[in-house]
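Below is one structure, written out as structure tokens; the observations come after it.
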Amino acid sequence: MSIESINPATGELIERFEPFNQQRIDEALDRAQQAFRQWRVASYDQRATLVRAIARTLRAQKGRLARVITLEMGKPIVESEAEVEKCAWNCDFYAEEAQRFLAHEPAPSTAQESYVAFRPLGVVLAVMPWNYPLWQVFRFAAPALMAGNVGVLKHASNVTRCGLEIERVIAEAAQAVGAPTGLFQTLIVPGAEVDKLIKDPRIAAVTLTGSDPAGVSVAMAAGSVLKKTVLELGGSDAFIILDDADIAAAAQMAAKARFQNTGQSCIAAKRFIVVEAVADEFERAFVKATEALKVGDPLDTATQVGAMARRDLRDDLERQVRASLAQGAKALIGGEALNGPGAFYAPTILTNVTPEMPAFKEETFGPVAAVIHARDEADAIRLANDSPFGLGGAVWTRDTARGERVAAQIESGAVFINGMTASDPRLPFGGVKRSGYGRELSSYGIREFVNIQTVWIGPAKGATPAPAAE
Ligand code: NAP
């Protein structure tokens with residue numbers, strides 16, 4: 001069956017792709033292995049030359065790439081352009097820092113000299129989502145290439161053209177600087193074929209960014225063949241507004257944190273937990289900030305909220321909102337899909353949301369905010385942690401020490417005080433609970449797909465302190 005790319009803003013078919021047959025997959029994996037044999041021994045300077053060239057190519061082609069993103073998944077064009085820029089920044093960041101992150105670490109022992117080295121693992125399979133179709137890929141690809149690994153990408157089916165554009169950009173950069181071919185290839189395969197790929201002996205490890213059901217499936221397949229995985233999964237981040245918060249600033253940021261990327265971000269604030277004393281004031285300001293958002297054609301540079309990426313995803317969101325309303329939630333604004341051929345959904349704020357409702361206990365992946373009233377700080381922390389997910393979170397208070405005290409009690413991979421959770425190449429990114437495990441970005445991300453190798457150089461200087469066993 002062919003894979004289709006559909007413009008979610010118009011419902012029109014853009015392109016059809018034939019999935020790879022086994023022969024094409026074999027050719028690609030053989031090429032990747034061959035590339036790895038050359039790349040693993042390349043110096044950091046050689047690797048950085050390529051990764052910097054990728055950054056330059058991304059910047060030079062920003063307009064073209066941004067348009068492909070917006071056409072395939074519907075986000076506002078201004079956000080697509082910013083995404084391409086961020087990918088280039090990440091490439092420059094790792095080109096600059098990788099050698100320091102992966103420098104040998106001295107580990108004194110009975111040896112004349114002993115140290116820890118970080119060696120590449122091989123061909124890493126990246127299974128990626130559509131919501132940031134370039135950023136999700138480059139935050140894996142840049143550190144992977146700098147560590148000496150080689151990548152193969154299975155992109156979300158609805159952004160197949162983005163996957164092919166990424167392959168092309170990296171190939172053009174490689175050609176320009178004389179790097180090997182086959183360092184990064186896109187495989188057109190449906191999600192159902194991923195198990196087989198993971199089990200292929202030419203694949204050394206796998207990283208998935210996606211939903212938690214896909215995470216379970218990838219972890220099971222990788223576990224059955226003992227391969228390392230990193231899983232970046234869903235989230236239902238809490239955005240806590242305490243009674244001493246700057247409400248105007250919190251509400252303004254709340255609108256950005258929820259509706260950016262048309263609400264389709266794993267680290268979007270999804271549950272706005274507000275202490276009762278300031279709930280009315282926050283809701284009024286949050287509604288005002290949301291009403292001001294311009295919804296419309298994602299190719300228009302004035303648009304702030306575009307189309308959702310697929311109609312079936314909008315149907316899921318609609319179900320979650322309807323069920324929450326039926327259980328007693330109230331829509332302060334929005335609450336329904338917008339008419340027309342595109343997958344548009346009105347920016348929505350639900351209040352009186354409680355833990356039994358889908359808007360609280362499930363991840364809502366679209367422009368829908370859930371406001372939950374908390375009695376006090378302790379109740380807010382309890383509600384924030386009453387979630388199967390633990391990706392990001394935010395706490396708003398004028399008292400930074402209080403914010404830090406609350407942050408320490410939040411079960412999530414990141415907490416931002418008086419800000420919104422956002423990714424940054426310099427900061428580790430990842431989750432706990434059903435949001436996955438492992439980290440991307442920073443020095444932690446580049447160390448996920450390496451062999452931490454102990455090197456011991458004899459002869460021994462003295463006796464080993466403990467009885468020699470293993
Ligand atoms: P998805 O349906 O899980 O798809 C993600 C990727 O996994 C796609 O390439 C998909 O391929 C593939 N896939 C789907 N089912 C699979 C299976 N059973 N086994 C192996 N691969 C499978 O997620 P999505 O709808 O694209 O993205 C939204 C989700 O990603 C949200 O839950 C969001 O929170 C999460 N996300 C997490 C992060 C993070 O860093 N933690 C970042 C962004 C998004 P097909 O498209 O061919 O099905």
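Order of listing sets the numbers, starting from 1, for every ligand and every atom in it.
- Between Lys62 and Glu81, none of the side-chain N atoms (NZ, or NE/NH1/NH2) sits under 4.0 Å from a carboxylate O, so this pair counts as no salt bridge.
- For Gln61 and Glu172, the side-chain atoms include at least one donor-acceptor pair closer than 3.5 Å.
- Look at Phe429 and you'll find a heavy atom under 4.0 Å from some atom of ligand 1.
- Taking the ring axis of Phe118 as reference, the NZ or CZ atom of Arg447 stays within 45° of it and closer than 6.0 Å to the ring centre.
- Looking at atom 8 (C) of ligand 1, its nearest protein heavy atom turns out to be Met128 O, 3.3 Å.
- Judged by distance alone, the side chains of Thr57 and Arg52 never bring a donor and an acceptor atom under 3.5 Å apart.
- The contact set between ligand 1 and Leu391, taken as ligand atoms under 4.0 Å from a residue heavy atom, comprises 41 (N).
- Taking a cut-off of under 4.0 Å to the non-hydrogen atoms of Ala156, the atoms of ligand 1 that pass are 8 (C), 9 (O), 46 (O).
- Not one N or O of Lys270 is nearer than 3.5 Å to an N or O of ligand 1, by distance alone.
- With a 4.0 Å heavy-atom cut-off, ligand 1 is reached by the backbone of His155 but not by any atom from C-beta on.
- Within the set Arg139, Gln136, Met220, the minimum heavy-atom distance to atom 40 (O) of ligand 1 is found for Arg139.
- What sits closest to atom 12 (C) of ligand 1 on the protein, heavy atoms only, is Val127 CG1, 3.7 Å.
- The proximity of Ser157 to ligand 1, defined as any non-hydrogen pair under 4.0 Å, involves the side chain as well as the backbone.
- Checked by atom type, the side-chain pair Ser80/Thr70 shows a donor-acceptor distance below 3.5 Å.
- Scanning all protein heavy atoms for the shortest distance to atom 32 (O) of ligand 1 gives Glu363 OE1, 2.7 Å.
- In terms of protein heavy atoms, atom 42 (C) of ligand 1 is closest to Cys266 SG, 2.8 Å.
- Around atom 26 (O) of ligand 1, the closest heavy atom drawn from Tyr132, Trp135, Trp130 belongs to Trp130.
- The pair Lys228-Glu448 meets the salt-bridge criterion, since a charged nitrogen lies less than 4.0 angstrom from a carboxylate oxygen.
- A salt bridge links Glu440 with Arg139: the closest approach of a Lys/Arg side-chain nitrogen to an acidic carboxylate oxygen falls below 4.0 angstrom.
- A side-chain N or O of Trp135 and one of Ser423 form a donor-acceptor pair less than 3.5 Å apart.
- For ligand 1, the atoms closer than 4.0 angstrom to any heavy atom of Lys154 are 9 (O), 11 (O), 45 (P), 47 (O).
- Of the heavy atoms in Leu313, none comes closer than 4.0 Å to ligand 1.
- Scanning the protein heavy atoms around atom 27 (O) of ligand 1, the nearest turns out to be Pro129 CB, 3.5 Å.
- What sits closest to atom 21 (N) of ligand 1 on the protein, heavy atoms only, is Val194 CG2, 3.7 Å.
- By heavy-atom distance, the residue among Pro213, Gly163, Gly235, Ala214 lying nearest atom 16 (C) of ligand 1 is Ala214.
- Salt-bridge formation is detected for the pair Lys75/Glu83: a Lys NZ or Arg NE/NH1/NH2 atom is positioned less than 4.0 Å from an Asp or Glu carboxylate oxygen.
- Looking only at protein heavy atoms, the nearest one to atom 3 (O) of ligand 1 is Ser211 OG, 2.5 Å.
- By the 4.0 Å N-to-carboxylate-O rule, Arg271 lies too far from Asp237 to be salt-bridged with it.
- For atom 18 (N) of ligand 1, the closest non-hydrogen atom of the protein is Ser217 OG, 3.3 Å.
- Between the side chains of Gln327 and Glu356, not a single donor N or O lies within less than 3.5 Å of an accepting N or O.
- Side chains of Gln409 and Arg382: no donor on one and acceptor on the other come within 3.5 Å.
- For residues 196-242, every residue pair satisfying the ring pair (Phe, Tyr, Trp, His ring centres under 6.0 Å) rule, not counting sequence neighbours, is listed here: Phe239-Phe272, Phe239-Trp396.
- Ligand 1 has Leu208 within reach: a non-hydrogen atom of the residue lies less than 4.0 Å from it.
- Counting heavy atoms under 4.0 Å from ligand 1, residue Val218 touches it through the side chain alone.
- The N/O atoms of Leu233, backbone and side chain alike, include one that comes under 3.5 Å of an N/O atom in ligand 1.
- Using modelled atom types and a 3.5 Å distance limit, the side chains of Gln22 and Asp26 yield a donor-acceptor pair.
- Distances between N or O atoms of Arg310 and those of ligand 1 include no value under 3.5 Å.
- Residue Gln185 is tested with Glu27, Glu167, Arg31 for a side-chain hydrogen bond (donor to acceptor under 3.5 Å, both in side chains); the sole match is Arg31.
- Remark: ligand 1 and Asn158 share no N or O pair separated by less than 3.5 Å (distance only, no angle test).
- Only the side chain of Asn131 comes within contact range of ligand 1, with a heavy atom under 4.0 Å; no backbone atom does.
- With 3.5 Å as the limit, one finds no donor-acceptor pair spanning the side chains of Glu18 and Ser2.
- Residue contacts with ligand 1, taken as heavy atom pairs separated by less than 4.0 Å, involve Phe365 solely via side-chain atoms from C-beta onward.
- The heavy atom nearest to atom 30 (O) of ligand 1, considering only Gly436, Gly431, Ser265, Gly210, is found in Gly210.
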